[in-house]
Amino acid sequence: MPGLTSESDDLAMLPVSPESEKQPVVICPLRHGLKSPIHRLSFSWACGNTLRVSVFRKPPSEKADGDGEAGGRVVEVKLSNSGDEEVDAARWRRMAYSSVTPFALLQSRKHSLSAASRMSLDIPPYKAEWWEHVIEYSKEISSLLSDRKPPPKSIIEDPKSVVNEIAAPMCLKAAWELLEIFYVDKQSQFWIPERLLDWLADYNSLFSGTLPTIHSKLVDFQQELVGVQVVEEDPNYWDAMSSALAVGWLETVVKLLRLHGSYRFDQLSSRETENGLVEAVAVLISKMPRMRPSLREDNLGECYKTKPDFMKAWEKWRTQISKLDCSSYWLQCDHRQTREGLKNLIQIMLGNPTVLSNATFNWMELFISHFLYIRPFTAGLESMHNSAQKCMQVKPVSISHKLFGLILGILGENTEVVLAECSRSFGPWMMAHAVELLTAGSTHAEILLHEEHSKLGGVSIEELHRLVYAQVLSSHALTWQIAPIYLTSCIKQGIGLLENLLYKQPVQHSQILLKSIEICRLYELDTINSNIMRIAGVHHWKHGRKGSGVFWLQQARDEFRLNRIAKQLFDFVGKSVSDEGFKQWEGLIELLGSESRTAGGLEFLNKYRDFRRSLLQVHGDTPTDAARNAAEALVSLMKNPSTPQRFWLPLLYDSLKLLMWQERPLVNVSQTQLLLNKLQELSMARLRPDFVEADLPSDALSSVRLALATNLGRAILEE
């Protein structure tokens, strides 16, 4: 934002969004430490969700007086997708790593099924067993989102405990389960209302932070219940039961009814009719028909798996409620609060819209209550969406929760809204993994997400979200290793971005380098693998780690650079071949090896190393056979065409004790003539202007010539 001028020392960043007017504003101060005036600001992204802000003062030429202060500062501000921060950095990394295996396994199965469907035309892809794979994948992801263990249950149950203490739920897990209910779990299509009821029971507390909810009301009443002596005379007691019954929390209602004073032993005889009415309502609640295959642990109700059986049981149950509502026993109940409270519960079970509206706090709770008591046979997303719209008109909310927008998008079968809500509220991780759920359960979503868009560089929306998530992983030093799994699943641009990711990794760290090489081998990226090892070799060589440099260049089979290294070694060895300085290069020469194909023609250096070792072992009392072996190594070196000419004289000078061996000549006539010829060639070469003299004594040449002449005479006499 160039050109911004400020006269204040305090700068801050404020979020700009439609929700900023309704929610508390989170201020991110920029503590730059510069004096005013601030002349210019510059923004750029750093790693992850960190924003880098550069703060500049006026240039020195524009200052009125020189104060010697720095002309600018760089401040990093860590941003967040949400204010509640339910997923911290460590938990997000655990989640990212844990979700890799299910994702990779599902992609492998998808490719296998796609190949099978292409080979067999009578088997349509993504049918039959594909649903089982997706639901297994969804269950695994859902389990890793709820790794917080609930507190252990108490051995002695508190009779006044209304709300059980459970681990704090996550919005991310709630959103994931919504997608699983509507898109993946085909077995629950006939009892989606019951699944929504369970979902609200698990996650109603999430709405308590911004909205009044039944859960928050029960929590408040539980705190109040400790000091209440006669609960049936407390209006909050009946209100709490009405609200809990409205959303189908039957076990909570029955538990609260059992706290009624008429159950006390000293009250049974005098309040027998009242207790009978309370018990009758409790029994009816506990016998409520539920169209579902089974109930959760401790849940009440009677399950029916087929719609005809459920309809018969429902009509029978409603008839029993109507009979109780018209019973004459109500006239015999003297306790007004009990009579009115129980009548209110009966009206809820009979589906009175006004009572249900009064018992709920937001449209989602009213929506669930309509499923239970007004439209228990509702089926189809269209009718569910219409019902939700009506409930929103009756119970509008001032602050919309992010899960509400997702629910409405799902019920409205609007894939674009679902994608927008998931992206805006739950970030790249959700988008990269939830796409599989959407495409599995909706043909429209599958077409929309798999369609390639020229404006996006020819990639689909599915691939785009995976690329975005891979970029997020790549920006962190602890998660970049798992980014290739998502990049390789992107056909269009994944491999190109994977190459860029691998090239950006620092080669000076051995663990990171080995990981990059492992990734290249895993995905058969041979060219990138060689380039990375070549880069590592050059880096180590330039920074003085010559052994590591040669090793990685050998692994990369870079003959060009190995030849250049060999030339440098020739220069070093040529200067110090006659002294102890050669020792510092022995390890490097040994590492280079003797294969000229991979070692850049370094066969001479390896042979010279072996010759020097054997020569150092030759002394005056050395056996003749050992000295002869050293002489054979000398001749072999001189005959080898890979031996540079500038090493001939140093080799012969180092071998004077072999040429002048006392017992017998170690070099025969033909070998001696070979060495003399080499010496003659060397003498001719010294006449060239580019010849480089070895660092030897001035009489070295004459000494070698004399020793060879003497050895030749002795060898002739011996033969």
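Reckoned from all heavy atoms, side chains included, excluding hydrogens, waters and symmetry mates. Start at 1 with the first residue, then count along the sequence.
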Under 3.5 Å, side chain of [X] to main-chain N/O of [Y], donor-acceptor pair present?
X	Y	result
Trp199	Ala174	yes
Ser489	Tyr486	yes
Ser98	Arg94	yes
Trp176	Ser138	yes

Close side-chain approach of [X] to [Y], heavy-atom, < 4.5 Å:
X	Y	value
Ile532	Cys520	yes
Leu522	Ile519	no
Ile410	Ile181	no
Trp92	Thr479	yes
Leu179	Val184	no
His543	Gln508	no
Met533	Arg557	no
Leu513	Trp552	yes

Ring centroid separation His433 to Tyr137 under 6.0 Å: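 No, they do not, as the ring centres are separated by 6.0 Å or more.
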Partner residues of Asp185 under the side chain to side chain contact (heavy atoms under 4.5 Å, CB included) criterion, sequence neighbours left out: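 Ile135, Gln187, Ser188, Arg195.
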Leu501: partners by side chain to side chain contact (heavy atoms under 4.5 Å, CB included), with sequence neighbours left out: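 Leu501 satisfies side chain to side chain contact (heavy atoms under 4.5 Å, CB included) with Ser474, Trp480, Ala483, Pro484, Leu487, Leu498, Gln505 only.
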Worked check of side-chain contact (heavy atoms from CB on, under 4.5 Å) between Leu448 and Leu419: CA-CA 11 Å; Leu448 176 66; Leu419 290 173; 4.2 Å; yes
Distance (rounded to the nearest 0.5 Å) between [X] [atom1] and [Y] [atom2]:
X	Y	atom1	atom2	result
Thr488	Gln107	OG1	CD	9.0 Å
Leu473	Tyr97	CG	OH	8.5 Å
Lys504	Leu502	NZ	CG	11.0 Å
Met170	Leu145	CE	CG	5.5 Å
Gln481	Ser516	CD	OG	8.5 Å
Leu144	Ser99	CG	OG	6.0 Å

For [X], salt bridge (charged side-chain N to carboxylate O under 4.0 Å, His left out) partners two or more places apart:
X	answer
Lys139	Glu180
Glu452	Lys492
Glu421	Arg424
Glu136	Arg109

Give me the atom names and distance for the closest heavy-atom approach of [X] to [Y].
X	Y	value
Ile141	Trp429	CG2-CH2, 3.5 Å
Cys422	Met431	CB-SD, 3.4 Å
Leu467	Cys490	CD2-SG, 3.7 Å
Lys402	Ser425	CB-OG, 3.4 Å
Val507	His540	O-NE2, 3.7 Å
Ala432	Phe103	O-CE1, 4.0 Å

Worked verdict on Cys171 versus His401 for side-chain contact (heavy atoms from CB on, under 4.5 Å): CA-CA 10 Å; Cys171 282; His401 196 276; 3.7 Å; yes
Tell me, please, which residues at least two apart from [X] pass side chain to side chain donor-acceptor pair (under 3.5 Å).
X	value
Glu140	none
Tyr203	Lys173, Glu177
Glu499	none
Glu463	none

Worked verdict on Leu553 versus Trp541 for side-chain contact (heavy atoms from CB on, under 4.5 Å): CA-CA 10 Å; Leu553 289 174; Trp541 181 267; 5.5 Å; no
Residues in ring pair (Phe, Tyr, Trp, His ring centres under 6.0 Å) contact with His465, at least two apart in sequence or another chain: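 In terms of ring pair (Phe, Tyr, Trp, His ring centres under 6.0 Å), with neighbours along the sequence ignored, His465 is linked to no residue.
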Atom CD1 of Ile491 with >12 non-hydrogen neighbours under 6.0 angstrom: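 Incorrect, the count does not exceed 12.
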Salt bridge (Lys or Arg N to Asp or Glu O under 4.0 Å): pairs with one or both residues in residues 466-489, sequence neighbours excluded: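 Passing the test, one end in residues 466-489: Glu436-Arg466, Glu462-Arg466.
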Worked check of side-chain contact (heavy atoms from CB on, under 4.5 Å) between Glu518 and Lys515: CA-CA 5 Å; Glu518 179 185 354; Lys515 186 63 180 180; 3.8 Å; yes
